[in-house]
**Student:** 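Could you have a look at this structure, given as structure tokens, before my questions?
Residue numbers start from 1 in every chain, and the chains themselves are labelled A, B, ... in the order their sequence lines are given, proteins ahead of strands.
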Amino acid sequence: MSLPRRSLLAAVPALAAPALAVAQSRDPIRVGAFGPYSGSAAAFGQSMREAIDIVTETRNRAGGVGGRRIEVVHADDGGRPEEAATIARRFATRDRVVLAFGSVSSPASLSASQVFRDEEVPQIVITATSQRLTRLGNEWIFRSTVPDRKQVSDLVDFIAGKHPQARRFATICVNDDFGRGGVEAFGEMARAKGLTIVGEERYARGDIDFTAQLTRLRGANPDAVLDWSRYTEGALIIRQLRQMQSNLPIFGSDGYAVPAFVELAGPAAEGVIYVTPFSIATAANNPVAQRLAAELRAAHNKVPDGTHALAYDAANAAYAAIERAGRAERRPIRDTLRQTDMDSTRGRLRFDQTGDPTLVSPVVVIRNGREADARA
Amino acid sequence: MSGAALLEVAVGGIAIGCVYSLLALGYSMIIRASGIIHFAQGEVMMIGSMCGLSALWLAPALHPALVLLAGMAAGGVLAGAMELLVYRTLRRRRVPLMNIITATVGLSILLMNAARLGWGSEPLRYPDLFSGAVEIGQLRISPQLLWIAGTGFAIMIALQLFLSKTRPGLAMQAIAQDPDAAQLIGINLSRSMAGTFAVAGAMAGAAGVMLGSLFFSFFEMGFITGLKAFVAATLGGLGSIGGAMLGGILFGLIETFGAVFVSSAYKDAIGMLLLIAILLVLPQGLAGLRKRGR
Amino acid sequence: MRWGTPVTLLAAALLPSALPDAFLLHLMTSVAIAAILALGLQFLLGVSGQLSLGQAAFYGVGAYGSALMTGAGLPFAAAVPLAAVFAGLSSLVLIPVTRLRGPYLAVATLGFSIIAYLVIKNEEWLTGGSLGLMGISRPALFGERLRDPAHVYWLCAALAALVYLGLRRLADSRFGRAAHAIRQDEDAARASGLRVTLIKSQCFVISAAVSGLAGALFAHHIRYLGPADFSFWKSVEVLIMVVIGGVGSAAGAILGAAVVVLLPEWLRAVGDYRLLVFGGAVVGLMLFGSGGLAGLPGALRRRPEARP
Amino acid sequence: MTPLLEARGIARRFGGLVALDAVDMQVAPGTVHGLIGPNGAGKTTFLNVIAGAFPPSGGSLRLEGGDITALAGDARARLGIRRTFQNLKLFPEMTALHNAAIGLHADGRAGVLSALLRLPAQRREEREIMARAAEALDFVGLAGQAGRLAGTLAYGHRRLLEIARAFAPRPKLLLLDEPAAGLNPTEAVALTALIARIREAGTTVILVEHHMDVVMTVCDRVTVLNYGKHLSTGTPAGIQADPRVIEAYLGQDALAEALAC
């Protein structure tokens with residue numbers, strides 16, 4: 001530590017300088033979008049980006065909003081709250097966005113929401129389901145997806161109505177906000193409906209071997225299993241459960257609602273039931289969803305997943321709100337966003353007092369390797 | 001918990017442990033030969049896994065042994081190339097070991113993101129290489145697990161034979177023990193070092209194919225697994241081949257049984273606590289047991 | 001070149017007037033905090049030769065400590081130093097492992113950091129679990145909340161400068177000399193009457209306290225704490241900062257911190273290739289040789305007393 | 001008169017190998033005590049046991065009558081037993097002056113806090129340490145090399161620097177482990193003189209050495225070890241005449257010749 005006396009700190013501003021050089025054109029209306037474009041949740045981030053870009057391009061081709069183009073500034077938060085806060089700060093003070101989309105995970109969304117609230121920037125959360133996001137009296141936050149408790153209550157209603165024979169549940173979840181939030185809500189609501197929870201298991205994000213947890217779960221002798229996981233671990237869990245020759249019915253979370261889930265789980269996915277904010281299988285009669293499907297096929301040759309739909313709806317709602325506000329300013333946009341009442345991929349989209357959408361979530365079942373409406 | 005269920009868990013632990021062992025072997029061989037903690041070892045495994053899968057895509061009917069071989073070849077070539085292109089250059093410039101170790105972290109970030117761009121950010125499923133269930137009495141064991149444990153042991157035995165019976169293997173051992181003396185008796189240091197990395201990479205590639213076929217291939221799969229294997233190698237005693245094998249299997253068992261008997265939320269903590277405890281008694285890991293008598 | 005430090009300090013102090021951009025000030029504040037964190041590891045690794053892969057744990061103890069204490073009503077000016085002290089004390093549990101060497105020590109600290117991470121993640125009643133802690137108070141001085149980003153920056157930069165000068169003094173003192181000797185030859189140090197374990201442990205405590213200080217400042221800078229920012233990755237990031245800057249150079253640690261914080265930000269322009277380029281840059285920077293970035297000007301001028 | 005150091009029945013085993021077998025030795029204060037023996041006789045092992053590098057498997061050690069058997073190496077160093085190493089252990093990245101200053105570390109008191117505050121007492125102490133370190137360098141003849149990194153010194157100078165570091169605190173007992181190894185004849189003569197001056201300065205010396213001319217010139221008494229056992233102790237002249245010693249060295253012709261001269 002006693003080696004060179006001179007310090008090179010002076011070089012620091014020079015490192016930062018190229019970032020300054022970004023042109024500060026006043027012309028387009030700028031919105032920000034941030035999510036995990038890298039890291040383990042990158043697939044969600046990518047869907048989010050694709051959908052937002054599709055809506056933006058369509059808008060811009062049709063003349064933009066009020067004659068001004070929309071420009072989306074994308075930023076990768078890697079799922080890390082620190083990055084999300086830094087990005088939010090940049091969106092608010094340097095990129096001067098009028099509105100921001102993001103993020104995918106609850107911690108990153110929460111961390112950014114503090115900055116947006118401070119700086120008074122409207123934020124539309126895409127997939128983060130934690131109830132807490134919209135329950136902190138933050139008037140600047142909106143959410144495209146349905147919060148976990150609402151999804152759980154939709155799933156519990158479904159189970160009570162369609163699977164009355166499933167009385168004893170064993171639960172397994174990823175040990176984070178997403179998994180614990182889902183399972184805690186499920187326990188509460190299931191007990192209210194007279195169901196019992198006979199076993200609860202957790203695992204860490206990134207685990208691959210669930211033998212221990214599943215062996216214990218099976219030992220509790222349940223009627224059915226509830227798994228609140230993301231699709232990667234979820235696929236492994238049901239594969240490993242089926243490898244143990246267990247035929248227990250499996251109910252899952254919206255974390256399964258990714259095409260790759262069926263791909264990864266293979267035949268084990270057959271018969272799995274889960275709640276999802278959106279499924280193309282239940283949206284055959286929804287023109288907005290069909291439009292998204294057509295646009296996504298044209299642009300990326302993909303079938304829309306839940307994140308696509310959530311981001312698509314968010315972007316459409318946002319641009320409509322900017323249009324209604326009549327000027328590209330944050331406060332009026334927030335106010336018109338609150339009055340949203342439009343057709344979305346998931347039906348009529350309105351926001352309640354807290355900023356959450358008032359929608360009922362579809363429940364789907366995997367049949368022949370595809371999602372099918374479980375309520376049908 | 002019934003005895004049969006315990007046995008099922010144990011087989012699962014041993015299979016995972018074999019994967020750790022194969023990776024840990026690489027860590028151990030490399031650290032012994034060069035002093036480098038090779039943090040990119042997990043990523044070499046990941047690339048091996050991806051390449052094995054790609055081979056399956058090209059030839060769907062490929063025999064599992066050939067898939068394994070493809071993964072090993074990919075891992076071996078990659079690790080050998082890393083040594084020749086990066087680490088050797090760094091050594092020639094006489095940079096401190098810490099810099100080389102940091103370069104391995106850099107390479108690990110680089111490989112992970114290259115794989116994300118090349119193979120996408122979605123996990124990729126291996127077709128089931130082995131199917132059916134082996135039933136012994138009331139015990140049902142997935143054949144995947146048995147195959148993996150069996151293949152793992154076979155590869156480790158092969159490595160032992162290679163290191164103790166063949167010329168290049170003996171040369172690697174000699175380089176690791178005393179590089180100066182080895183050079184004096186005419187062993188090519190640079191070639192043997194590259195060979196060590198290549199063999200370590202091939203072990204990692206095999207681990208990748210096994211892990212992939214048990215679970216799936218994913219650009220981030222190497223990070224946590226690699227870290228755990230490093231811990232396993234330390235547990236066994238860095239630089240000790242036998243220790244690495246033992247450490248890997250032990251770590252797999254500790255982890256799996258830890259999840260059964262203690263909370264799964266703190267599953268990773270159990271392994272770590274045990275590791276720290278063992279290191280306090282045996283500062284050189286399990287391999288230190290043997291030296292202790294001296 | 002005795003004026004190098006004052007000139008740098010002056011430049012750092014004047015930065016806010018040169019950069020009126022609030023975002024850049026936010027970034028430079030992050031750099032100052034990262035610099036403190038890097039200085040902490042630099043002291044441990046560069047002076048006493050102990051490799052820690054567990055700095056994220058102490059950083060986390062400081063961050064959560066200060067957030068919880070201010071949350072309980074303690075003033076910022078008391079909570080931050082207390083959190084640093086607490087982080088230092090928390091490293092005392094590691095004293096038994098300081099007798100381990102090289103990679104064995106690294107793995108033991110890695111284990112410690114994984115355990116700390118799991119505690120942060122699982123003990124919801126204390127740490128908010130994976131949803132984390134929100135609404136952490138802004139930094140405050142003399143009872144005044146600092147709302148101007150320039151003031152927050154000055155505070156963090158001033159503390160970074162203090163840590164830098166303090167650790168430099170320490171490294172040049174009798175104590176630092178002893179630690180330095182232990183790094184080079186433990187047997188000889190012991191034969192010279194040095195209490196090796198004590199000195200190594202003291203280095204650990206100092207390094208942990210400095211990391212805890214960085215964590216405490218981080219908590220009040222970002223004002224949100226979640227487990228994801230205290231994973232093993234953070235420990236690796238700190239190590240990259242120190243090695244890029246040059247092991248053994250305090251100025252290098254600051255420079256390395258600046259590179260690690262600013263480079264990815266700067267690389268946002270390359271989008272998807274960001275981390276790919278970052279990984280490549282780390283490998284490339286290693287090629288600068290033993291001195292790291294801090295050694296560059298010297299290496300260019302060919303100092304005669306360069307390392308053997 | 002109580003001996004400065006008294007070793008009784010010192011044994012040391014490594015696994016099954018017996019390196020030292022019940023060795024007794026008494027070192028009188030103010031003397032240079034040679035320790036010789038054929039290769040593998042256990043000289044360095046004995047030195048290591050005295051220095052506290054590892055504990056003896058049996059026996060006891062007394063320094064000025066006080067039992068030090070249970071003390072660790074650093075504690076013995078602080079009591080006044082300092083040593084050099086057969087294969088040179090310096091701090092290569094530190095200057096010669098700072099190397100010598102490490103030898104004086106135990107005499108200082110300034111801790112972390114006073115270093116941070118740079119209190120006057122700390123600065124005074126630092127000046128004192130540096131002055132004494134410089135004095136020690138001067139004593140061994142390295143005054144001109146104070147500012148050079150130890151790793152860049154010539155081999156002979158490194159040997160001297162190690163002695164300076166060990167001698168700087170004016171220890172009661174200085175253990176020299178083959179200090180003349182690798183030195184040329186001129187340097188060896190200078191070393192002999194240096195050892196004599198160390199004795200004059202009041203420090204007792206135990207000298208393990210292969211260069212018999214050094215041993216015979218400077219030692220007051222000599223102890224001979226063979227196969228880990230005490231063989232003989234006496235004056236240099238007495239040792240040279242001891243038939244048991246000559247027998248022990250038989251087969252080691254070169255040494256036998258050296259002994260004869």
**Student:** Hey, which of Leu100(C), Ile115(C), Asn122(C) has the most heavy atom pairs under 4.5 Å with chain B?
**Tutor:**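 Among the listed options, the one with the most contacts to chain B is Asn122(C).
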
**Student:** Name the region of Val277(C), side chain, backbone, both or neither, that has any atom closer than 4.5 Å to a heavy atom of chain B.
**Tutor:**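 Contact with chain B involves no heavy atom of Val277(C) at all.
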
**Student:** Under 4.5 Å heavy-atom distance to chain B, tell me which part of Leu53(C) shows up: side chain, backbone, both or neither.
**Tutor:**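 It is the side chain, since no backbone atom gets that close.
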
**Student:** Just by modelled atom types, is the Gly246(C) backbone N or O under 3.5 Å from a matching donor or acceptor in the Ser249(C) side chain?
**Tutor:**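 No.
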
**Student:** Between Ser235(C) and Gln55(C), do the side chains contain an N or O donor and an N or O acceptor separated by less than 3.5 Å?
**Tutor:**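 No, because no side-chain N or O of Ser235(C) sits under 3.5 Å from a partner of the opposite role on Gln55(C).
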
**Student:** Check whether Ile240(C) gets within reach of chain B through its side chain, its backbone, both or neither, counting any heavy atom under 4.5 Å.
**Tutor:**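 Answer is both: backbone and side chain atoms of Ile240(C) are under 4.5 Å from chain B.
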
**Student:** Do we see a donor-acceptor contact under 3.5 Å between the side chains of Thr197(C) and Arg99(C)?
**Tutor:**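 The criterion, which ignores hydrogens and geometry beyond distance, is not satisfied for Arg99(C) and Thr197(C).
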
**Student:** Side chain from CB out, backbone as N, CA, C, O: work out which of these in Leu279(B) comes under 4.5 Å of a heavy atom of chain C, or both, or neither.
**Tutor:**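 Answer is both: backbone and side chain atoms of Leu279(B) are under 4.5 Å from chain C.
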
**Student:** Please evaluate residues Gln42(C) and Leu167(C) with respect to the criterion side-chain contact (heavy atoms from CB on, under 4.5 Å), reporting the C-alpha separation (whole Å), side-chain torsions for both, the decisive distance (0.1 Å), and the verdict.
**Tutor:** CA-CA 9 Å; Gln42(C) 180 64 275; Leu167(C) 292 183; over 6 Å; no

**Student:** With side-chain contact (heavy atoms from CB on, under 4.5 Å) as the criterion, how do Phe43(C) and Ser48(C) come out once you've worked through the C-alpha distance, each side chain's angles and the decisive distance to 0.1 Å?
**Tutor:** CA-CA 7 Å; Phe43(C) 188 75; Ser48(C) 81; over 6 Å; no

**Student:** Kindly write out the residues that satisfy salt bridge (Lys or Arg N to Asp or Glu O under 4.0 Å) with Glu237(C), not counting sequence neighbours, or none if the list is empty.
**Tutor:**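 Listed in chain order: Arg80(A), Lys234(C).
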
**Student:** Say you draw a straight line from CG of Asp268(B) to CG of Leu273(B); how long is it, rounded to the nearest 0.5 Å?
**Tutor:**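 One finds 11.0 Å between CG of Asp268(B) and CG of Leu273(B).
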
**Student:** What residue among Tyr117(C), Tyr59(C), Phe58(C) forms ring pair (Phe, Tyr, Trp, His ring centres under 6.0 Å) with Phe230(C)?
**Tutor:**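 The ring pair (Phe, Tyr, Trp, His ring centres under 6.0 Å) with Phe230(C) is passed solely by Tyr59(C) among Tyr117(C), Tyr59(C), Phe58(C).
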
**Student:** Within residues 16-41 of chain B, which positions have a heavy-atom distance to chain C below 4.5 Å?
**Tutor:**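 Expected list: Ile31(B), Ile37(B), Phe39(B).
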
**Student:** For chain B, find which of Val282(C), Leu118(C), Val97(C) contributes the most heavy-atom pairs closer than 4.5 angstrom.
**Tutor:**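 Heavy-atom pair counts peak at Leu118(C).
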
**Student:** Which one, Trp233(C), Phe232(C), Tyr273(C), leads in non-hydrogen pairs under 4.5 Å with chain B?
**Tutor:**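 With the most close heavy-atom pairs to chain B, the winner is Phe232(C).
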
**Student:** Is Ile114(C) in contact with chain B via its backbone, its side chain, both, or neither, using a 4.5 Å heavy-atom distance?
**Tutor:**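 For Ile114(C), side-chain heavy atoms alone lie under 4.5 Å from chain B.
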
**Student:** Checking Leu37(C) against Val210(C) for the side-chain contact (heavy atoms from CB on, under 4.5 Å) test, could you report, in this order, the C-alpha distance in whole Å, the side-chain angles of both residues, the deciding distance, and whether it holds?
**Tutor:** CA-CA 7 Å; Leu37(C) 185 59; Val210(C) 169; over 6 Å; no

**Student:** Keeping the roles fixed (side chain from Ser49(B), backbone from Met45(B)), state whether a donor-acceptor pair exists under 3.5 Å.
**Tutor:**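 No, the answer is negative, given that no donor and acceptor are paired below the 3.5 Å cut-off.
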
**Student:** Determine the option with the most heavy-atom pairs under 4.5 angstrom with chain C, choosing from Val105(B), Leu227(B), Leu111(B), Leu97(B).
**Tutor:**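 Counting heavy-atom pairs under 4.5 Å, the top option is Leu227(B).
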
**Student:** If you count heavy-atom pairs within less than 4.5 Å of chain C, which of Val231(B), Leu235(B), Leu117(B), Ile101(B) leads?
**Tutor:**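 Option with the top pair count is Leu117(B).
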
**Student:** Is it the backbone or the side chain of Val236(C) that comes under 4.5 Å from a heavy atom of chain B, or both, or neither?
**Tutor:**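 Just its side chain gets close to chain B.
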
**Student:** Are the charged groups of Arg116(B) and Glu220(B) less than 4.0 angstrom apart, N to O?
**Tutor:**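 No, this pair does not count.
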
**Student:** Top residue by heavy-atom pair count (under 4.5 Å) with chain C, among Thr104(B), Ile100(B), Leu90(B), Thr89(B)?
**Tutor:**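 If we count pairs closer than 4.5 Å to chain C, Leu90(B) comes out on top.
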
**Student:** With heavy-atom distances below 4.5 Å as the criterion, would you say the side chains of Arg190(C) and Arg195(C) are in contact?
**Tutor:**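 No, their side chains stay 4.5 Å or more apart.
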
**Student:** Chain B heavy atoms under 4.5 Å from Leu105(C): which part of the residue, side chain, backbone, both or neither?
**Tutor:**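 Neither part.
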
